[in-house]
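Residue numbering restarts at 1 for every chain, and letters A, B, ... go by the order of the sequence lines. Reckoned from all heavy atoms, side chains included, excluding hydrogens, waters and symmetry mates.
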2 protein chains.
Amino acid sequence: MNWKSLPPLTSLRAFSAFAEKKNVVQAGAALNVSHAAISQQLRVLEEHMGVALLDRSGKTMSLTAEGEHLARALHLGFGAIGAAVEELVRSGSDRPVHVSLTSSFAASWLMPRLPAFRAVHPEIGLILDPSPELVELRPGGVDIAIRYGEGGWSGVDSQMLLRSPMVIVAAPELLEDKSDWTPADLAELPWLQEVGTTEASMWLAGRGAEIGPGAGRIEVPGNLVLDGLRAGQGVTITVRHFVEQDILNGRIVELYSEPDAAGYHIVTARSPMRAEVKTFVGWLKRQARQV
Amino acid sequence: MNWKSLPPLTSLRAFSAFAEKKNVVQAGAALNVSHAAISQQLRVLEEHMGVALLDRSGKTMSLTAEGEHLARALHLGFGAIGAAVEELVRSGSDRPVHVSLTSSFAASWLMPRLPAFRAVHPEIGLILDPSPELVELRPGGVDIAIRYGEGGWSGVDSQMLLRSPMVIVAAPELLEDKSDWTPADLAELPWLQEVGTTEASMWLAGRGAEIGPGAGRIEVPGNLVLDGLRAGQGVTITVRHFVEQDILNGRIVELYSEPDAAGYHIVTARSPMRAEVKTFVGWLKRQARQV
DNA sequence: TTCATATGTAACCCAGACTTACATATCGAA
DNA sequence: TTCGATATGTAAGTCTGGGTTACATATGAA
């Protein structure tokens, strides 16, 4: 391909649009530009090629024989390009947006807001995939993951969605009148933990304690942890944001708080995002801002 | 054609060049830009389409399946466009440049300089068409005309090539010892006039005189007017530039000079000039400057 | 003539395409 | 495993091409 001798592509596009519409005003409309822009580009093209493409006699402009010839080629050429682009773009767009997240985030934050998303973007399908572990983000598979942490993971792009520290919480009934709970004391209470996760044990271990043999660890599906917590069935570690209301109205007591800069992040692969994914991510961020 | 959803054409071109060269540096070379420009345009395209077109793992980049698909379409599309453009541009370029001019300009100014043009641009053919009258400038016919006057003709573009006033001249032999020639006196002398032109009669008429019956008007082909003048066969009106040397060395006497801003102009149609015509016009102007 | 329609032009503005310079990543060879 | 060679990425600033607006001009129809 001899690119260097090709006229400016903008001028070819303007000419093609003019050839289609037979009128600079409409050609401009088709390209989202003013009629003057088309007029100028047509001159640029003729000047560049040194060929009379347009017959400017009379009120309306028409194509010369050479112009018709070029117009046919442009229609075919740009047509082929446009068709291929369209095909590739839309081949992705009927696939739903695949979101991997933790079940607690899904239950406590995302699910209540989903109806609002459906209302605004009924055309975008979603797959919510609650799984405790990080999954591979790859084209054709999971589009985005929502994960808790401090960000900065390597190999992926991440942006903070919701900043909130981890807290150790329990219902007042469980704690009875005792205050000043040390980690070792807490280890003797029953613990609620989502199946397959180890945050609770890790937290205790990090403080030299270990869940006592008599206390018992209750492993429940992620969506039931908070319900059990409120029912006074055990202590648990969770993201403060999810129990904020309960803490404020005294239904839950906050025992320890991790003062780090962690929070939920939107994690995406370092490859271009489909338009639908961008839409969903944008919506997520707007939702998080207006909490 | 749905122009509005098309990605920037620059980015499509960059991608197509990359697909061809398999390498950003060479793709840049093919488009006369730096490798960084290609790199950035590839990102723009992927971002716009939301489709992974490139596999960036490893040292070299390669196309994904989607990328290959798009590359094929772009190759065909841009190929069709490039071929049509090339065809139109070269269809004009084997036709010689057709120049209409007066025979006196041809003989006195252009012909002596033509060998220099042939030496620099052997690939450009010329047709010199000496004709006294203005001709129609149209695509496929006469490309440029060289005409004497004050410029500003309507319907055409003109640019001054050589400024020089009209003068009335004669050989000293013809004038003998008499000086102070009035127009009426001159009317009694023989006049040399190019066949088909009326400048001489017009000049006399404009001054209340008329070629006398005894004097005689000698109509000769344009290329012979200056020869006859030098041989003392008659008075004539001509452009001063052509007889400048003769005036300076006394072989010709300048009787009257029209002090207007006239001169030879390059006259072209208000339609795009073929590349070869531009070359010739540029050469003409450079020649005129260095006189 | 006058109005309506279509295109041209001048002059200024701005986004996006480009450059330069430096950084980073991978592969192969010593 | 270090080093050089090769290939691509990134930051930051520049500049111009493509655009806008506002006005001018030309043609055809009534």
field: B/Met61 CE to D/dT6 P, straight-line distance once rounded to whole Å
entry: 18 Å
query: Quick check: are there more than 12 heavy atoms from other residues, nucleotides or ligands sitting under 6.0 Å from NE2 of A/His69?
result: yes
message: Tell me the interatomic distance from A/Leu42, atom CG, to C/dT9, atom P, rounded to whole angstroms.
response: 12 Å
- prompt: Is the shortest side-chain N/O distance from B/Arg56 to OP1 or OP2 of D/dG9 below 4.0 Å?
  reply: yes
- prompt: Do side-chain atoms of A/Glu68 reach the backbone of A/Leu63 as a donor and acceptor pair under 3.5 angstrom?
  reply: no
Polar-atom pairs under 3.5 Å, protein N or O versus N or O of nucleotides 19-26 of chain C: list them with distances, or write none.
from	atom 1	to	atom 2	distance (Å)
C/dT19	OP2	B/Ser34	N	2.6
C/dT19	OP2	B/Ser34	OG	2.8
C/dT19	O4	B/Gln40	NE2	3.0

Distance-minimising heavy-atom pair for A/Gly82 and B/Met1: CA-CE, 3.9 Å
field: A/Trp3 versus B/Ala30, closest heavy-atom pair with distance
entry: CB-O, 3.8 Å
message: With a cut-off of less than 4.0 Å, is there a side-chain N or O of B/Arg43 near OP1 or OP2 of D/dT10?
response: yes
- request: Would you mind reading off the distance between A/Arg13 atom CZ and D/dG17 atom C1', rounded to a whole angstrom?
  value: 13 Å
query: Could you give the CD-to-C1' distance, from B/Gln41 to D/dG9, as a whole number of Å?
result: 15 Å
message: If the cut-off is 4.0 Å, is B/Ser39 near the phosphate of D/dT8, judged by side-chain N/O to OP1 or OP2?
response: no
- request: Return the value, rounded to whole Å, for the distance between atom CG of B/Leu45 and atom P of C/dA17.
  value: 11 Å
statement: Taking D/dT8, C/dA6, C/dC18 as options, the one with an atom nearest any side-chain atom of B/Thr10 is C/dC18
- request: List the atom of A/Ser11, the atom of A/Leu45, and the distance in Å for their closest heavy-atom pair.
  value: OG-CD1, 3.5 Å
query: Taking CD1 from B/Ile38 and C1' from D/dT8, how many angstroms apart are they, rounded to a whole number?
result: 12 Å
statement: To the nearest angstrom, the CD-P distance between A/Glu47 and C/dG8 comes to 14 Å
field: Neighbour count >12 (heavy atoms, 6.0 Å) for atom NE2, A/His121
entry: yes
query: In whole Å, what is the span from the CG atom of B/Asn23 to the P atom of D/dG9?
result: 11 Å
- prompt: Where does the angle between the aromatic ring planes of A/Tyr148 and A/Tyr264 fall among parallel (under 30°), tilted (30 to 60°) and perpendicular (over 60°)?
  reply: perpendicular
